[in-house]
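Note sheet for the following structure.
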Amino acid sequence: MSCVGLVLVSHSKELTQGLQEILKQVQPHVPVAIAGGTEEGEIGTSSEKIKNAIESVYSDHGVVIFFDLGSALINTEIAIEWLEGKNKVAIADAPLVEGAYAAIVESGCGSSLEEVLQAAQEAKTIQKIL
């Protein structure tokens, strides 16, 4: 079964690696790529790494991208502009961890790009403490 792919963008490579590990335990067949840190291994983000991550998990089902902080969004938008012929890409307005978790569950059920994006964005309303 092909699924909507996920891309995790963070200023920290270790943060994306840890989250990817958690997500793969939940749904091992959903493609998840990471773009954490700069090419030099520093804290920051890279449009080139983000573009490569998107391309590595892209399919006709699409890709949902998650990011941590403001400049990660800017570099993600630049990366998307560089893509050619890949129009099924969405940026989730969602918390990185909770949104990606909700998205991987939804993607693993074979849901559409729009359904995966919606599940991710609904994670903003999760109340952790009652």
Side-chain angles (χ1 to χ4, degrees):
M1 165 186 8
S2 292
C3 302
V4 173
L6 307 182
V7 172
L8 311 174
V9 179
S10 172
H11 286 70
S12 167
K13 178 181 178 181
E14 292 78 12
L15 192 153
T16 58
Q17 289 173 326
L19 182 54
Q20 182 185 43
E21 183 178 330
I22 291 169
L23 299 177
K24 285 304 208 175
Q25 289 179 18
V26 175
Q27 293 283 0
H29 64 278
V30 174
V32 179
I34 60 173
T38 66
E39 283 88 352
E40 297 79 26
E42 303 285 327
I43 295 293
T45 59
S46 158
S47 296
E48 187 67 31
K49 285 178 81 170
I50 297 166
K51 176 184 172 281
N52 292 339
I54 295 167
E55 290 177 331
S56 75
V57 296
Y58 189 86
S59 73
D60 289 337
H61 295 277
V63 174
V64 176
I65 305 168
F66 298 86
F67 68 96
D68 60 359
L69 304 169
S71 63
L73 173 61
I74 294 166
N75 281 326
T76 297
E77 291 171 335
I78 291 168
I80 290 170
E81 288 178 14
W82 291 344
L83 296 172
E84 293 184 23
K86 294 176 176 67
N87 57 359
K88 290 186 175 182
V89 177
I91 301 171
D93 181 12
L96 180 60
V97 175
E98 293 88 343
Y101 191 92
I104 202 156
V105 170
E106 193 71 29
S107 179
C109 293
S111 299
S112 70
L113 176 63
E114 294 76 19
E115 292 166 327
V116 173
L117 182 62
Q118 181 179 355
Q121 293 180 162
E122 286 176 358
K124 291 192 310 186
T125 63
I126 294 171
Q127 184 175 355
K128 290 181 158 183
I129 299 175
L130 302 176

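A side-chain N or O of H11 and one of S71 form a donor-acceptor pair less than 3.5 Å apart. Residues E122 and Q118 bring a donor and an acceptor atom of their side chains to less than 3.5 Å of each other.
Under the 4.5 Å side-chain heavy-atom criterion for grouping Ile, Leu, Val, Met, Phe, Trp and Tyr, Y58 is not connected to V116 through any hydrophobic cluster. Each of I80 and L113 belongs to its own hydrophobic cluster when Ile, Leu, Val, Met, Phe, Trp and Tyr are linked at side-chain heavy-atom distances under 4.5 angstrom. A continuous path of ILVMFWY side-chain contacts below 4.5 Å connects V30 to L96, so both sit in one hydrophobic cluster. Hydrophobic clustering, with ILVMFWY side chains joined whenever heavy atoms are under 4.5 angstrom apart, groups I91 together with V7. Under the 4.5 Å side-chain heavy-atom criterion for ILVMFWY residues, no single connected hydrophobic cluster contains both V63 and I34.
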_Let's go through Q17 and E21 carefully: what are the C-alpha distance in whole Å and the side-chain angles of both, what is the deciding distance for side chain to side chain contact (heavy atoms under 4.5 Å, CB included) to 0.1 Å, and is it a yes or a no?_
CA-CA 6 Å; Q17 289 173 326; E21 183 178 330; over 6 Å; no
_Working note: S112 + E115, criterion side-chain hydrogen bond (donor to acceptor under 3.5 Å, both in side chains); need CA distance, chi angles, decisive distance, verdict._
CA-CA 5 Å; S112 70; E115 292 166 327; 3.3 Å; yes
*Walk me through it: do I65 and L8 pass the test side chain to side chain contact (heavy atoms under 4.5 Å, CB included)?*
CA-CA 6 Å; I65 305 168; L8 311 174; over 6 Å; no
*What's the verdict on side chain to side chain contact (heavy atoms under 4.5 Å, CB included) for V57 and V32, showing C-alpha distance, side-chain angles and the deciding distance?*
CA-CA 7 Å; V57 296; V32 179; 5.9 Å; no
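Judged purely by atom type and a 3.5 angstrom limit, Q27 has no side-chain atom pairing as donor or acceptor with the backbone of H29.
Minimum interatomic distance between S59 and C3 (heavy atoms only, all atoms of both residues): OG-O, 3.8 Å. The shortest heavy-atom contact between A103 and F66 is CB-CZ, 3.4 Å. Closest approach of S111 to E106, counting heavy atoms only: OG-OE2, 2.7 Å. Taking all atoms of both residues into account, the shortest heavy-atom contact from S56 to A53 is OG-O, 2.8 Å. The two residues I50 and V9 make their nearest non-hydrogen contact at CD1-CG1, 3.7 Å.
Sorted by first and then second residue, the salt bridge (charged side-chain N to carboxylate O under 4.0 Å, His left out) pairs involving residues 79-96 (not counting sequence neighbours) are D93-K124.
In this structure the side chain of L19 reaches within 4.5 angstrom of the side chain of V97, judged on heavy atoms.
I78 belongs to a hydrophobic cluster whose remaining members, ordered by chain and number, are I74, W82; membership requires side-chain heavy atoms of ILVMFWY residues under 4.5 Å apart, directly or through intermediates.
Atom CD1 in I43 sits 10.0 Å away from atom CG in L69 (nearest 0.5 Å). The line from CD1 of I54 to NZ of K49 is 13.5 Å long, rounded to the nearest 0.5 Å.
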